[in-house]
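Okay, so here's the structure we're looking at.
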There are 2 protein chains.
Amino acid sequence: MNDRPTTTLDQVARAAGVSPSTVSRILNGTARVSEAKRRSVEEAIAALDYRPNVLAQGLARGRSLTIGVLTQDIASPFYSESLKGIEEALAGTGYAPLFVSGHWDAEEEARKVALLVDRRVDGVIVLTGMIPDDALIATAERVPVAVTGRTLNAPRLIAIDLDHEAGAYAATRYLIDLGHTRIVHLAGVQGHADARARLAGYRRALAEAGIAEDPALIVDGQFNENGGLDAVNALLDHRVSFTAIFAANDQSAVGARLALYRRGLRVPDDVSLVGFDDLPGSLYTTPPLTTVRQPAYELGRLTARVLLHLIDNRPLPALDLPMSLIVRDSAGEPA
Amino acid sequence: MNDRPTTTLDQVARAAGVSPSTVSRILNGTARVSEAKRRSVEEAIAALDYRPNVLAQGLARGRSLTIGVLTQDIASPFYSESLKGIEEALAGTGYAPLFVSGHWDAEEEARKVALLVDRRVDGVIVLTGMIPDDALIATAERVPVAVTGRTLNAPRLIAIDLDHEAGAYAATRYLIDLGHTRIVHLAGVQGHADARARLAGYRRALAEAGIAEDPALIVDGQFNENGGLDAVNALLDHRVSFTAIFAANDQSAVGARLALYRRGLRVPDDVSLVGFDDLPGSLYTTPPLTTVRQPAYELGRLTARVLLHLIDNRPLPALDLPMSLIVRDSAGEPA
DNA sequence: CTGAAAGCGCTTACAG
DNA sequence: CTGAAAGCGCTTACAG
């Protein structure tokens, strides 16, 4: 039942009284064709409502016109912005993105990448993830790959990273300049390179300001709302004193904000809060969140562009994208 | 540069000393094969690291093993939950979802659907959208389609809708039972069927309670944060009196909440607020949002399942999914 | 400019 | 059980 007869190039050729080769040439603008034939082919195409079979084209040309994209969670508020950027960069190029999710599991990521390769994608984009470098290098032997969130050098592979350490430094430094010295860091998931880099930036800012690091102030926020909520609850339960929180991402900042709200602590009057990412929703938290903006959309767009260049063997564009502190209303001077 | 030589089925056949047909049969378990040949083929596959070309399989079998999914915005917090449900339902079936975005523009949606058809997807899922019914019915002549957010009857097409009117009724009724009579409705985008149904539910609840409808209380929230923010600001500027807000979706509720915050109005002490959708983030707003839960994830999963059944001509599962009021902390009795 | 032919990498009746 | 052959719907050297 699945098949309604689709019209094929051969039928068009017959209807127009020309050879299939000619139809193909007209379709692809791949050679000069007499006006008469062109016209009759175009008429036949219109009359039959012919649309080329992209799969068949792919098989014949040796390229699928699809770009595989490994994200971690299709519904992630952060990465979905990057997906949007990828969509945008691919629009009008003939390439379609094929999205798969790895869920931060190295094995699942590897399986999903294999699935992309099985479908003969013309290039692969990997949005961070836990998949080991070697696996990436190995797949780059079959197909060009562009990966974000790590530094890596290999043939047919290009890695784009942002300076998370610098972003975290700027955020922490901002709080210090405001007068805070008891600054909590809601750390990200252990093992994530981003989480490590952000912690390092926090530490560097403290050290530079001559503020001794207090291990009690570095807690696990798990990169999500619930992690932030639990961590701040625990801090409050243990009567740890602090005047500011630097969260490793906006989601954990939002969780922290709710914990404070529940205890009757005001932001920023009682506690200052700074996040990381600048999710679309962070503009509308109460109060709007001061945060480090990661250009997720632009990152997606750039990564896709770079991959296209890599596929066509063209010289690559510049790869630098800035992190920037966005000052809104959630941080102020200590009470 | 794009092509590292990939090993083909023919090479496997040669290496194993059998015909290509046999290799294919073993790959697909489509016929009995002698143990000896099976073994040598399996060895050859392992030795050559052979992976079938899914595109070529698709061409030969007349099915692409991909399901086209038209969403409106890949980064929408609501629809991305449905995408996740679709992913989940398709996992392990051999089908891969191909996501495209229509951006609430009927023409773009039609173009994107055409793109899916060009790629010979085996089925199409349309997550609401503005594309007209006829267009959907026409594409159903080429490929099975499952569409959400509307009611429609046609061959090879199945429509799944939720009862938005009932959900809105429940929300409004809840506020009325709490004692509110001056209830603002932050309406959704004009022309969206969902928006109309939710407005209707609001009206029915008022009418049933004998509360006269005040046109000044029905304002445009545009289904997004900024719309909710602007609308509530305008209400406050014009000194319209109200004690509660029923927003047509959570995003506009969040914007409304920020407007109230900025004016120093407390939620729920001064103004009660109820949303619609139950986005993942609504659990973490301050205060956590009372809202009507739309089972977005389950909807995506069900839609994908139904489509698979349609493709295989199997009897369809039940299509009902409930809306439910989730009571959290943003609504209370009027001051 | 244009057609016949071979080929892309598979599958699947058709014979044995 | 298994192979040779034809076919899926295109593209692209190769000749004219």
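Not measured: the values here are computed from a predicted model. Computation of the quantities below employed the complete heavy-atom set of this structure, encompassing side-chain atoms and omitting hydrogens, waters and symmetry-equivalent molecules. A note on names: the letters A, B, ... follow the listed sequences, proteins ahead of strands, and every chain is numbered from 1.
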**Prompt:** Tell me: CG of A:L27 to P of D:dT12, nearest whole Å?
**Reply:** 12 Å
**A:R61 side-chain proximity, nearest of D:dT12, C:dC8, C:dT11** = D:dT12
**Message:** Under a 3.5 Å threshold, yes or no: a donor from one side chain and an acceptor from the other, between A:S19 and A:T22?
**Reply:** yes
**Distance-only side-chain donor-acceptor flag, A:R61 / A:N28, under 3.5 Å** = yes
**Request:** Assign A:S24 to base, sugar-phosphate, or nothing according to its heavy-atom contacts below 4.0 angstrom with the strands shown.
**Result:** base
**Message:** Between P on C:dC10 and CZ on A:R119, what's the gap in Å once rounded to a whole number?
**Reply:** 14 Å
Show the distances under 3.5 angstrom between N or O atoms of the protein and N or O atoms of nucleotides 1-5 of chain D.
unit_1 : atom_1 : unit_2 : atom_2 : d
D:dT2  : OP1    : B:S34  : OG     : 3.0
D:dT2  : OP2    : B:S34  : N      : 2.9
D:dG3  : OP1    : B:K37  : NZ     : 2.9
D:dG3  : OP2    : B:S19  : N      : 3.1
D:dG3  : OP2    : B:S19  : OG     : 2.9
D:dG3  : OP2    : B:T22  : OG1    : 2.6
D:dG3  : N7     : B:R25  : NH1    : 3.3
D:dG3  : O6     : B:R25  : NH2    : 2.5
D:dA4  : N6     : B:S21  : OG     : 2.7

**Asked** Rounded to the nearest Å, what distance is computed from the CG atom of residue B:L9 to the P atom of nucleotide C:dG7?
**Response** 17 Å
**Item:** Separation of C:dC8 C1' from A:R120 CZ (nearest whole Å)
**Value:** 12 Å
**Asked** What is the distance, rounded to the nearest whole Å, between atom CZ of B:R14 and atom C1' of C:dG9?
**Response** 12 Å
**Request:** Quickly work out the A:R63 CZ to D:dC10 C1' distance and round it to whole Å.
**Result:** 15 Å
**Complete:** To the nearest angstrom, the CD-P distance between B:Q57 and C:dT11 comes to 5 Å
**Strand-adjacent residues in residues 39-51 of chain B, judged by heavy atoms under 4.0 Å from DNA chain D** = none
**Straight-line distance of A:H103 NE2 to A:Q72 CD, nearest 0.5 Å** = 8.5 Å
**Prompt:** With sequence neighbours left out, what residues match B:A193 under side chain to side chain contact (heavy atoms under 4.5 Å, CB included)?
**Reply:** B:R196
Contacts table for residues 34-50 of chain A: side-chain donor-acceptor under 3.5 angstrom, sequence neighbours left out:
unit_1 : atom_1 : unit_2 : atom_2 : d
A:S34  : OG     : A:K37  : N      : 3.3
A:S40  : OG     : A:K37  : O      : 3.1

**Request:** Report yes if a side-chain nitrogen or oxygen of B:N53 is closer than 4.0 Å to either non-bridging phosphate oxygen (OP1 or OP2) of C:dC8; otherwise report no.
**Result:** no
**Message:** Output the rounded distance in Å from CG (B:L65) to C1' (C:dT11).
**Reply:** 13 Å
**Prompt:** Expressed in whole Å, how much space separates the C1' atoms belonging to C:dG16 and C:dT12?
**Reply:** 16 Å
**Message:** Checking B:R14 now: which residues fulfil side-chain hydrogen bond (donor to acceptor under 3.5 Å, both in side chains) with it, not counting sequence neighbours?
**Reply:** none
**Item:** Dot-bracket pairing map - DNA chain C, Watson-Crick plus G-U, both contacts under 3.5 Å, | cross-strand
**Value:** |||.||||||||.|||
**Item:** salt bridge (Lys or Arg N to Asp or Glu O under 4.0 Å) against A:D161, all qualifying residues, sequence neighbours excluded
**Value:** none
**Message:** The criterion is salt bridge (Lys or Arg N to Asp or Glu O under 4.0 Å); which residues satisfy it with A:D118, sequence neighbours excluded?
**Reply:** B:R51
Could you pull out every donor-acceptor pair under 3.5 Å between side chains of residues 75-86 of chain A and any protein atom, sequence neighbours left out?
unit_1 : atom_1 : unit_2 : atom_2 : d
A:S76  : OG     : A:F78  : N      : 3.2
A:S76  : OG     : A:Y79  : N      : 3.0
A:Y79  : OH     : A:T128 : OG1    : 2.9
A:S80  : OG     : A:S76  : O      : 2.8
A:S82  : OG     : A:A296 : O      : 2.8
A:K84  : NZ     : B:D73  : OD2    : 3.3

**Item:** ring pair (Phe, Tyr, Trp, His ring centres under 6.0 Å) against A:F223, all qualifying residues, sequence neighbours excluded
**Value:** A:H192
**Asked** Residues two or more places apart in sequence or in another chain: which of them pass side chain to side chain contact (heavy atoms under 4.5 Å, CB included) with B:L152?
**Response** B:D133, B:L136, B:I137, B:R150, B:L157, B:A159
**Which residues share a side chain to side chain contact (heavy atoms under 4.5 Å, CB included) with A:R301, sequence neighbours left out** = A:E88, A:A89, A:Y297, A:E298, A:R305
